[in-house]
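Report on the following structure.
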Amino acid sequence: MTYTLYWSRYAGSLAPLCLLIESGVSFETVQIDTRQGAHKEEGYIRDVHPLGTVPALRLPDGRVLLESGAMILHLADLAPGFAPETGSKERPAFLDWVLFGAATLYPTCQRIHQTEGIVPDEAARDATRQWAIETLDRSWEVVERALDGSGPFLFGARPSGADVYLAMLALWHPEPDRLDGAYPKAAAMKAGVLELRSMRQTLDLHGLG
């Protein structure tokens, strides 16, 4: 049975694809050209994602995961070493960091990069974007404080699915060089994830290598 990842270059499909590769499961990818509006076509909305967004992950049984955070939680459990075991002391923090990415960092990035689609009042867009950048920086301060120096990653020397997810979101910062300079431990975490062979393959597929 095969997984199917529906992806586009500028969507949150980097981290799920990285974990699909790490998991060793059978999968295929379907590129959705969002710039041409393929994500809003009737067939995609009917058969894949009812809200017409990307990414989406079809499971081997035919059901579809619609949220990238859910994809990370599911696939990290399939990828050896990428998720603390259920019942371990690290497991609650792992769940928390994936949800921090999904509920805090992800929507803040959307307010920066998709302001026109989120804020109807054109006059309010610049202020909204600036507020979102300031909010994003405060959020990355939280990540920086959590990285205790025991290793480049949240749980030491090995990356978890949460690290992969946060590294993807770090790539979306509007000023990545400033982010790296302000939060060196988060920058080291991101750099470690980008060194994974699976992530390099993922970046190449997305044309971001």
Side-chain angles (χ1 to χ4, degrees), residues 1 3 5 11-27 55-57 59-61 63-110 134-173 176 179-203:
M1 301 295 287
Y3 286 80
L5 179 67
S13 45
L14 280 172
L17 180 54
C18 176
L19 292 177
L20 277 168
I21 294 170
E22 290 287 350
S23 72
V25 299
S26 174
F27 72 91
L57 180 67
L59 305 178
D61 65 5
R63 292 178 295 172
V64 179
L65 295 184
L66 305 179
E67 294 293 337
S68 62
M71 298 172 206
I72 297 304
L73 291 174
H74 176 65
L75 295 173
D77 278 333
L78 301 180
F82 277 81
E85 293 184 3
T86 299
S88 68
K89 66 178 182 179
E90 294 88 3
R91 184 72 178 190
F94 166 74
L95 300 175
D96 192 44
W97 282 117
V98 174
L99 269 292
F100 184 84
T104 300
L105 294 174
Y106 203 119
T108 305
C109 289
Q110 288 178 312
E134 293 170 1
T135 301
L136 188 61
D137 286 345
R138 290 195 299 271
S139 300
W140 278 108
E141 287 179 10
V142 175
V143 178
E144 183 76 4
R145 290 197 300 269
L147 292 161
D148 60 11
S150 61
F153 305 110
L154 289 165
F155 304 103
R158 284 184 58 89
S160 70
D163 294 284
V164 173
Y165 198 38
L166 295 185
M168 177 190 75
L169 295 169
L171 294 173
W172 295 357
H173 195 284
L179 177 73
D180 290 349
Y183 309 116
K185 289 186 286 187
M189 178 269 290
K190 179 185 72 172
V193 170
L194 296 182
E195 285 298 313
L196 293 171
R197 180 178 296 180
S198 54
M199 182 54 83
R200 294 199 300 270
Q201 290 178 256
T202 297
L203 290 167

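- Pairs engaging residues 63-73 under the salt bridge (Lys or Arg N to Asp or Glu O under 4.0 Å) rule: D61-R63 [sequence neighbours left out].
- To the nearest 0.5 angstrom, L203 atom CG is 5.5 Å from L14 atom CG.
- Taken from CG in L20 to CG in L75, the straight-line distance is 4.5 Å, to the nearest 0.5 Å.
- Partners of P107 by side-chain contact (heavy atoms from CB on, under 4.5 Å), not counting sequence neighbours, listed by chain and number: Q110, R111.
- A side-chain contact (heavy atoms from CB on, under 4.5 Å) with P16 holds for exactly one of T202, L57, I72, L65; it is I72.
- Across every non-hydrogen atom of A76 and G161, the tightest pair is CB-CA, 4.1 Å.
- In this structure, CG in L17 is found 5.0 Å from CZ in F27, a value given to the nearest 0.5 Å.
- The nearest pair of heavy atoms linking M189 to F153 is O-CE2, 3.6 Å.
- Counting all heavy atoms, side chain and backbone alike, D163 lies closest to L154 at OD1-N, 2.9 Å.
- Atom CG of residue L166 and atom CE of residue M168 lie 9.0 Å apart, to the nearest 0.5 angstrom.
- Between P184 and E144, some side-chain heavy-atom pair lies under the 4.5 Å cut-off.
- In terms of heavy atoms, S139 sits closest to T104 at OG-CG2, 3.4 Å.
- Evaluation of the side chain to side chain donor-acceptor pair (under 3.5 Å) test over residues 73-90, restricted to residues two or more places apart or in two chains, returns Y3-H74, D77-R91.
- In this structure, CG on L147 lies 10.0 Å from CZ on F155, to the nearest 0.5 angstrom.
- Contact between L66 and M71 at its shortest, heavy atoms only, is C-CE, 4.1 Å.
- Applying the side chain to side chain donor-acceptor pair (under 3.5 Å) test to every pair with at least one member in residues 11-25, sequence neighbours left out, gives these pairs: S13-H206, E22-S198.
- Looking at L19 and L78, their side chains never come closer than 4.5 Å, going by heavy atoms from C-beta outward.
- Rounding to the nearest 0.5 Å gives a distance of 7.0 Å between CG of L179 and CG of D137.
- Looking only at side-chain heavy atoms (C-beta outward), C109 and L136 come within less than 4.5 Å of each other.
- By the 4.5 Å heavy-atom criterion applied to side chains, R145 and K185 are not counted as neighbours.
- For the ring pair (Phe, Tyr, Trp, His ring centres under 6.0 Å) condition, the pairs that include at least one residue of residues 81-108, sequence neighbours left out, are W97-F100, Y106-W172.
- The salt bridge (charged side-chain N to carboxylate O under 4.0 Å, His left out) search around D148 returns none, not counting sequence neighbours.
- Of all heavy-atom pairs spanning S68 and G12, the tightest one is CB-O, 4.0 Å.
- Proximity of D180 to H173: side-chain heavy atoms (C-beta onward) are nowhere separated by under 4.5 Å.
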